[in-house]
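Indexing begins at 1, ligand by ligand and atom by atom, following the structure's order. One is the number of the first residue; the rest follow in order along the sequence.
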Amino acid sequence: MASENYPFEIKVVELEGKEGLIKFPAFLRIGPKGYVLPEKFKHAATNIYNMEVRSSDVFVTSFPRSGTTWTQDMVWLIVSDLDYERALNIPLTERYAFLEFFSNFDDEMKKKLHDVNKDDKAKLKEFELLFKPGTEILETTPSPRFIKTHLPLSLMPRKALEAKVVYVARDPRDAIVSFYHLVNSMRFVNLDGDFKAFWNTVVNNIQPWTPYFDHVKEAWEKRDHPNMLFLFYEDMRKDLPSVVRRVSDFFGKEYNEEEIARLCDHLSFENFKKNPSVNYDLMKELGFMYADREFIRKGKSGGWRDYFDEEMTAEADKWIEENLRDTDLCFPSMQ
Ligand code: A3P
């Protein structure tokens with residue numbers, strides 16, 4: 001289905017019956033790397049790819065559960081001259097347009113969610129905003145526009161690197177544990193299988209947004225591009241002030257030590273978890289998530305060890321080794 005406006009072939013694939021997957025009617029495989037995405041993404045792919053990009057645009061991008069939200073708020077504050085007043089009062093979901101969010105739900109899920117909110121005007125408005133394609137929201141968004149996506153670089157707007165792109169990567173074992181918890185915290189999401197099954201879908205490249213390593217490597221290959229900043233979640237956990245300085249430099253901002261300390265305090269896990277602007281409690285209010293689950297969950301590195309048995313650990317080592325063989329990409333947690 002490659003066309004004049006879209007250079008990649010989009011294949012609809014049936015993955016029904018595969019354990020460890022959300023029960024979507026179908027999935028897509030896109031382009032030479034075969035990225036997997038929910039079927040609804042076919043309604044977004046071309047518009048996103050050809051989106052008009054402004055040089056002042058700011059993209060924050062990642063494989064899901066790699067520290068996107070944390071990076072988004074850090075980037076937003078650094079670019080917005082540390083405007084805490086707005087950061088605390090305007091939810092992150094309004095400060096950033098999420099390019100493909102609406103395509104992560106099939107019609108049945110959307111209808112169930114709509115019905116939960118249909119009698120409450122305010123909630124319905126929030127719900128409808130979440131399902132509005134990011135490209136439409138951005139048409140009327142004043143600059144600088146902040147944009148979230150989990151798409152790999154090749155499926156992002158083709159001119160994205162004419163703007164600024166911040167990519168955050170995380171040890172895949174932790175990202176996948178976190179992803180599994182997120183999927184399990186969503187109402188109306190029908191996941192077939194346990195963590196091991198979920199993990200296997202990632203290694204076998206059938207989980208949405210995989211192949212994981214291609215996703216990360218595409219960004220890593222551009223890390224020296226003047227408009228690309230490549231971050232690791234593990235570095236943010238280990239030394240957030242240094243990362244804040246790097247991000248500030250990238251955006252041409254200068255902050256003193258006191259300002260950096262305040263920002264790091266604002267971004268600390270404890271403060272983040274209780275900050276309604278970023279903690280996605282909205283998702284509970286709108287019925288997407290169960291009330292007793294957390295979007296900002298543990299905030300640790302290496303927690304994957306509690307989920308992997310010996311066989312999975314060995315398999316993960318092999319998977320990582322094979323995929324890092326042809327690259328100088330090296331995760332801080334694997335040094
Ligand atoms: P865990 O589930 O391992 O706790 P994303 O925003 O890409 O969905 O990533 C979510 C992950 O980032 C979650 O990981 C979440 O807890 C973690 N996270 C979010 N804010 C954080 C913070 N301030 N400090 C450390 N980790 C954070």
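Taking only non-hydrogen atoms, the option from R65, R170, M74, Q72 nearest to atom 3 (O) of ligand 1 is R170. Comparing T71, V168, T68 against atom 7 (O) of ligand 1, the shortest heavy-atom distance belongs to T68.
Using a non-hydrogen distance threshold of 4.0 Å, K273 does not register as a contact of ligand 1. Taking a 4.0 Å cut-off on heavy atoms, I296 registers as neighbouring ligand 1. Within the 4.0 Å heavy-atom shell around ligand 1 one finds G67. Residue contact annotation: G303 has no non-hydrogen atom under 4.0 Å from ligand 1.
With a 6.0 Å cutoff to the six-membered ring centre and a 45° limit on the axis angle, K110 does not count as a cation-pi contact of F105. In this structure, K164 satisfies the cation-pi test against F250, with its NZ or CZ atom closer than 6.0 Å to the six-membered ring centre and inside 45 degrees of the ring normal. Both tests pass for R262 against the ring of Y84: distance under 6.0 Å to the centre and angle within 45° of the axis.
An N or O contact shorter than 3.5 Å links Y233 to ligand 1 by distance. Taking distance alone, with nitrogen or oxygen atoms compared against 3.5 Å, G299 approaches ligand 1 more closely than that limit. The N/O atoms of K300, backbone and side chain alike, include none that comes under 3.5 Å of an N/O atom in ligand 1. On a distance-only criterion, K298 and ligand 1 share at least one N/O pair closer than 3.5 Å. Not a single N or O atom of H150, backbone or side chain, sits closer than 3.5 Å to an N or O atom of ligand 1. Between T69 and ligand 1, a contact under 3.5 Å exists for at least one N or O pair.
For ligand 1 and F272, the ligand atoms under 4.0 Å from any heavy atom of the residue are 20 (N), 23 (N). Near L267, with a cut-off below 4.0 Å to any heavy atom, the atoms of ligand 1 are 23 (N).
Classification of the F179-F198 ring pair by plane angle, with boundaries at 30° and 60°, yields perpendicular.
Not a single donor-acceptor pair under 3.5 Å links the side chain of E322 to the backbone N or O of W319.
Counting heavy atoms closer than 4.0 Å to ligand 1, residue F269 contributes atoms from both its backbone and its side chain.
Between D317 and R173, the closest side-chain pair of non-hydrogen atoms falls below 4.5 Å. Side-chain contact check for L231 versus V243: some heavy-atom pair is nearer than 4.5 Å.
Among F230, W220, F232, Y233, the single residue meeting the ring-ring contact (aromatic ring centres under 6.0 Å, His included) criterion with F331 is F232.
Closest protein heavy atom to atom 1 (P) of ligand 1: S178 OG, 3.4 Å. Nearest non-hydrogen protein atom to atom 16 (O) of ligand 1 is R297 N, 3.0 Å.
Aromatic rings from Y180 and W199 are positioned such that their centres are separated by 6.0 Å or more.
K253 NZ to D81 CG: the interatomic distance, rounded to the nearest 0.5 Å, is 4.0 Å.
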Note to self: Applying salt bridge (charged side-chain N to carboxylate O under 4.0 Å, His left out) to E294 and K284, what does each step give before you reach the verdict?
What the structure shows: CA-CA 9 Å; E294 301 299 340; K284 298 181 191 172; 3.3 Å; yes
